[in-house]
Amino acid sequence: MRKALRWLLALTVLIGTLSTAGAATAAQPEPTDIKDRLLSVPGMSLVQEKPYPGYRYFVLTYTQPVDHRHPSKGTFQQRITVLHKDVSRPTVFYTGGYNVSTTPSRREPTQIVDGNQVSMEYRFFNPSRPDPADWSKLDIWQAASDQHRIFQALKKIYPQKWISTGGSKGGMTATYYERFYPRDMDGVVAYVAPNDVVNDEDSAYDRFFARVGTKECRDRLNAVQREALVRREPLEKKYEAYAADNGYTFTTIGSLDRAYEAVVLDYVWGFWQYSLLSDCATIPANAATATDDEIFDSIDTISGFSAYADQGLETYTPYYYQAGTQLGAPTIHFPAIEKQYIRYGYQPPRNFVPRDIPMTFQPGAMRDVDTWVRHHARHMLFVYGQNDPWGAEQFRLGKGAKDSYVFTAPGLNHGANVAGLVADQKSLATARILDWAGVAATAVAQAKPLAKFDAKLDVRDVEREPALRP
């Protein structure tokens, strides 16, 4: 009996020792260095840390499911960056909707709230592309779910308020993220976000081009565009030489002739998207007497003759795929150009995606988002530029929207921002962003950015993508 008791006592002591050891292991302190904390997130890997005064900047990859509905069916590595200020500050979640830059930069809301910034590369933009690529998994819900998982993973590290933002396709992305995961963010700042609700109804763009800027500027642009088609034969010979010198091919779009017309028809749109009214002085004043070189160079400067070559299209295949399956794409008319000079018109996204990638358009996708924004927007700010063609079809708010706003910056293009708004709207927008970010009430009342402008860090140039892309 005594032996049995001694054995039981020894066993109890052993179990207690093991339990204590296990508890000690479990109680190990969490890492305090921000790099270690980021890398403690399952699936997070470091690519590079780059120094920047006052911050720490990390380029990372994060393991994502190819299909968020079926996580077991493969993963891919999604590139993200973190501009770290302090875990006690708000965090801005940024995406441009395309590739992510690996150079430290700070978006406008990040400067306003003096916070951290997490930036995400959009799925299927290399290198954030599954291999093999199942293109059916490239849609706005899957991309929103990418953001949702990143937010969930990093919210534990950055526990303060979060605001999502993005410009152009990034503004669209921030809006779609809010639609599908409305409880994640505390506010949304969407810049110059197109909203093509009905893909086949694009008359708003025609009305825009009939009145944008001044008649003198419109006439100059229309004349150069027309002249480039009138002189198609000699200018295409220049294009052939240009393509040969640069090794450009035209398999996807089908021919150099199709590519040439696509570039020319982007010319007027491209000018207003990226230029200001004052830039009209750079457009040939008399297209009829301009030299071939002057016409060619003006078209190339604004539209870019590389845009529809295979080499120019390849990077943007994911965008054109989405435009042809969910986002929609504008079609406009050219009243200043006689019909005999236009062979193809605005070509559909299908022409810019390799034919071995299947595409089927989903007309309900944008209608769903538009309806949701009108009736359920909360803490959302949309900023547009008066002279930006993409703002011809924009998001609008209905009676169900709460503490949400749509503002237009006078005279600005696709680079419109809060700083370019008229004074009262600028103050209101800044105050709302600060309030959504949860900063002190005194700072909200002052309605001014909390961080000083940094010429290197604060990107204020228009987010330029070649050719007709948001």
Side-chain angles (χ1 to χ4, degrees), residues 44 47 57-62 64 68 76-83 90-113 115-129 137-155 158 162-182 184-195 315-316 318-319 321-323 326-327 369 373 380-383 390 395 414-415 417 433 458-459 461-465 469-470:
M44 195 74 74
V47 176
Y57 181 75
F58 304 95
V59 181
L60 305 152
T61 60
Y62 182 60
Q64 293 277 26
H68 288 277
F76 72 101
Q77 297 302 304
Q78 185 169 40
R79 193 164 56 170
I80 68 173
T81 66
V82 174
L83 183 70
T91 298
V92 172
F93 199 161
Y94 166 75
T95 175
Y98 294 91
N99 293 103
V100 71
S101 171
T102 56
T103 300
S105 66
R106 188 170 64 180
R107 311 314 299 185
E108 186 179 46
T110 311
Q111 184 207 353
I112 289 175
V113 306
N116 311 289
Q117 181 175 297
V118 175
S119 303
M120 182 191 83
E121 187 160 73
Y122 205 95
R123 60 167 42 211
F124 280 68
F125 282 87
N126 279 323
S128 299
R129 180 179 296 181
K137 301 305 180 290
L138 174 57
D139 62 41
I140 60 175
W141 181 84
Q142 296 282 1
S145 298
D146 289 341
Q147 286 192 264
H148 176 62
R149 287 191 75 247
I150 293 170
F151 166 72
Q152 285 186 314
L154 296 183
K155 176 67 172 176
Y158 296 104
W162 282 61
I163 291 178
S164 65
T165 192
S168 195
K169 185 171 181 283
M172 300 159 76
T173 301
T175 303
Y176 306 154
Y177 175 34
E178 182 70 7
R179 185 266 174 270
F180 293 118
Y181 295 96
D184 281 8
M185 297 290 105
D186 299 287
V188 178
V189 185
Y191 296 91
V192 295
N195 182 31
T315 298
Y316 298 99
Y319 162 68
Y321 175 87
Q322 285 194 283
Q326 289 187 317
L327 307 184
V369 175
V373 168
M380 299 188 75
L381 170 65
F382 296 91
V383 179
W390 289 107
F395 283 97
H414 208 51
N417 58 12
I433 292 170
D458 293 317
V459 178
D461 293 334
V462 58
E463 299 191 43
R464 184 176 183 111
E465 304 296 343
R469 306 184 185 106

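Residues satisfying the side-chain contact (heavy atoms from CB on, under 4.5 Å) criterion with Thr61, sequence neighbours excluded, are Ser45, Val47, Gln77.
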Please test Asn99 against Thr315 for side chain to side chain contact (heavy atoms under 4.5 Å, CB included), starting from the C-alpha separation and ending with a verdict. CA-CA 9 Å; Asn99 293 103; Thr315 298; 3.8 Å; yes
Test log, rule side chain to side chain contact (heavy atoms under 4.5 Å, CB included), inputs Tyr94 and Leu83: CA-CA 11 Å; Tyr94 166 75; Leu83 183 70; over 6 Å; no
Step by step, work out the side chain to side chain contact (heavy atoms under 4.5 Å, CB included) result for Phe382 and Val373. CA-CA 11 Å; Phe382 296 91; Val373 168; 4.0 Å; yes
Could you walk me through whether Gln326 and Tyr176 pass side chain to side chain donor-acceptor pair (under 3.5 Å), step by step? CA-CA 12 Å; Gln326 289 187 317; Tyr176 306 154; over 6 Å; no
Side chain to side chain contact (heavy atoms under 4.5 Å, CB included), that's the test. Do Ile140 and Met172 meet it? Break it down for me. CA-CA 9 Å; Ile140 60 175; Met172 300 159 76; over 6 Å; no
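For the atom pair CE (Met185) and CZ (Phe151), the distance works out to 4.5 Å, reported to the nearest 0.5 Å. Atom-to-atom distance recorded for Ile80:CD1 and Thr102:OG1 is 13.5 Å, nearest 0.5 angstrom. In this structure, CD in Gln64 is found 10.0 Å from CD in Gln147, a value given to the nearest 0.5 Å. Between atom CG of residue Asp146 and atom CZ of residue Phe124 there is a gap of 9.5 Å, rounded to the nearest 0.5 Å. Going from atom CG of Leu60 over to atom OG of Ser119 covers 11.0 Å, rounded to the nearest 0.5 Å. Atom-to-atom distance recorded for Ser145:OG and Arg123:CZ is 8.0 Å, nearest 0.5 angstrom.
With Asp184 contributing its side chain and Glu178 its backbone, the two residues share no donor-acceptor pair below 3.5 Å. Between the side chain of Asp186 and the backbone N or O of Ile163 there is no donor-acceptor pair closer than 3.5 Å. Side-chain N or O atoms of Glu121 include none that pairs as donor or acceptor with a backbone N or O of Gln78 at under 3.5 Å. For Gln142 (side chain) and His68 (main-chain N/O), a donor-acceptor pair under 3.5 Å exists by modelled atom type.
Closest heavy-atom contact between Leu138 and Pro318: CD2-O, 3.6 Å. Closest approach of Gly166 to Ala174, counting heavy atoms only: N-CB, 4.4 Å. Scanning both residues, Pro470 and Trp390, for their nearest heavy atoms gives N-CZ2, 3.5 Å. Heavy-atom minimum distance, Thr165 versus Pro109: OG1-CG, 3.6 Å. Contact between Ser101 and Thr103 at its shortest, heavy atoms only, is OG-N, 3.1 Å. Residue Asn126 comes nearest to Arg79 through the heavy atom pair O-NH2, 4.2 Å, listed as atom of the first residue, atom of the second, then distance.
Counting only heavy atoms from C-beta outward, the side chains of Val113 and Ile433 approach each other to under 4.5 Å. With a 4.5 Å cut-off on side-chain heavy atoms, Phe395 and Met380 do not count as touching.
Evaluated for a ring-ring contact (aromatic ring centres under 6.0 Å, His included) with His148, the options Tyr177, Trp141, Phe93, Tyr181 yield exactly one hit, Tyr181.
With a 6.0 Å cutoff to the six-membered ring centre and a 45° limit on the axis angle, Lys169 counts as a cation-pi contact of Tyr122.
The ring of Tyr316 has its center closer than 6.0 angstrom to the ring center of Tyr98.
Judged purely by distance below 3.5 Å, without hydrogens or angles, the side chains of Arg107 and Gln117 never pair a donor atom with an acceptor atom.
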